Amino acid sequence: MFFFFNDTATTEIYTEQIVGSVRCVQETEFTELKASGKLPFRQVPVLEKDGKFFSQSIPLLRWICQTNNLYPTDPEQIYHAEIAKEVVNDITLGLMKVWFSKPEQKEEVIKKLLDEQFPPLLKGLENYFTQNCGENAWDKKSVSFADILLVDLFSNYFLHPSKVASYGRVLDTYAPNFRKYIDNLMNGAFKDYLVNRPKFTH
């Protein structure tokens, strides 16, 4: 069983082949799981397999992708995938500043991220994949480890309906090809999943 806790997370999309089922955790169940000691870091997602519990989203995703032939085997392609992971980490660290800032500071924190921190990361990501993966990098017909990571992040924040007016603007300005790439995946390989996945309710 794979337990998850995020309205638009995509990690669980490929877990069924190795664990049999996935489950969206409700608030009361999450509290019970924490109290049971089954969450190694008191967080979800967590994977229960053969009576053991495994945690941390990116190692779990890597394991899932390796099991389902969605993780590259060529060392150079592995390097490209891990570059995407590092950029996702950098952006997530920035978003954490918003999550943990005081209400009266949030607007200022978001403005600094959108004006200063995110533009070079997004521009660098677009330039990196254009130079190293070619123009076909933006016209994906299949899904891989890096694609899942990137759609997870950008469908949650930059392109989420509640955030696209502010976060989407910086994506359009500094990484227009990358925006098209995410849109293509969200309207293609991930479309049915994002529309139909169960939702967490508070």
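Just so you know, these numbers use all the heavy atoms, side chains as well, and skip hydrogens, waters and symmetry mates. Not measured: the values here are computed from a predicted model.
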Q: Taking the side chain as every heavy atom from C-beta outward, state whether P119 and V170 have any atom pair closer than 4.5 Å.
A: yes
Q.
Measuring only between side-chain heavy atoms, which start at C-beta, is K85 closer than 4.5 Å to R62?
A. yes
Q | Interatomic spacing from CD1 in I64 to CG in L70 - rounded to 0.5 Å | A | 10.0 Å
(Q) Would you compute the distance between atom CD1 of I91 and atom CG of L125 and round it to the nearest 0.5 angstrom? (A) 7.0 Å
Q: Check the angle between the aromatic planes of F118 and Y167 and answer parallel, tilted or perpendicular using the 30° and 60° thresholds.
A: tilted
(Q) Once rounded to the nearest 0.5 Å, what's the spacing between atom CZ of F100 and atom CD of Q105? (A) 14.0 Å
(Q) Tell me if the centroids of the rings in F178 and F154 come within less than 6.0 Å of each other. (A) yes
Q. To the nearest 0.5 Å, how far apart are CD in E126 and CD in Q131?
A. 10.5 Å
**Q.** Approximate separation, where rounding is to 0.5 Å, of K97 NZ and Q117 CD
**A.** 4.5 Å
Q | Derivation of the side chain to side chain donor-acceptor pair (under 3.5 Å) call for D147 and S144 | A | CA-CA 5 Å; D147 301 320; S144 68; 3.0 Å; yes
Q | Heavy-atom side-chain contact between F145 and I78 under 4.5 Å | A | no
Q. Can you list the steps and then say if L95 with L153 is a side-chain contact (heavy atoms from CB on, under 4.5 Å)?
A. CA-CA 10 Å; L95 291 170; L153 173 66; 3.8 Å; yes
Q: Just say parallel, tilted or perpendicular for the rings of F54 and W63, cut-offs at 30° and 60°.
A: perpendicular
Q: For residues L159 and R179, determine if any side-chain heavy atom of one lies less than 4.5 Å from a side-chain heavy atom of the other.
A: yes
Q: Check S155 against V151 and note the closest heavy-atom contact, atom names and distance.
A: OG-O, 2.6 Å
Q | Minimal non-hydrogen separation, A81 against A146, with atom names | A | CA-CB, 4.3 Å
Q.
If you define the side chain from C-beta out and look only at heavy atoms, does anything of M96 sit under 4.5 Å from L93?
A. yes
Q: Decide, yes or no, whether a salt bridge links K111 with E108 under the criterion of side-chain N to carboxylate O below 4.0 Å.
A: no
Q: Report the distance from atom CZ of F158 to atom CD1 of I182, rounding to the nearest 0.5 Å.
A: 10.0 Å
**Q.** Min side-chain heavy-atom separation L121-Y174 under 4.5 Å
**A.** no
Q: Taking N184 for its side chain and K180 for its backbone only, find out whether a donor-acceptor pair lies under 3.5 Å.
A: yes
Q) Can you find a pair of side-chain heavy atoms, one from Y128 and one from H80, that are under 4.5 Å apart? A) yes
Q) Would you say the side chain of Y181 lies within less than 4.5 Å of the side chain of L150, judging by non-hydrogen atoms? A) yes
Q) What closest approach, in Å, do S166 and L114 show between heavy atoms, and which atom pair accounts for it? A) O-CD1, 3.8 Å
Q) More than 12 heavy atoms of other residues, nucleotides or ligands under 6.0 Å from NZ of K106: is that the case? A) yes
Q. Any side-chain donor-acceptor pair under 3.5 Å between T92 and N89?
A. no
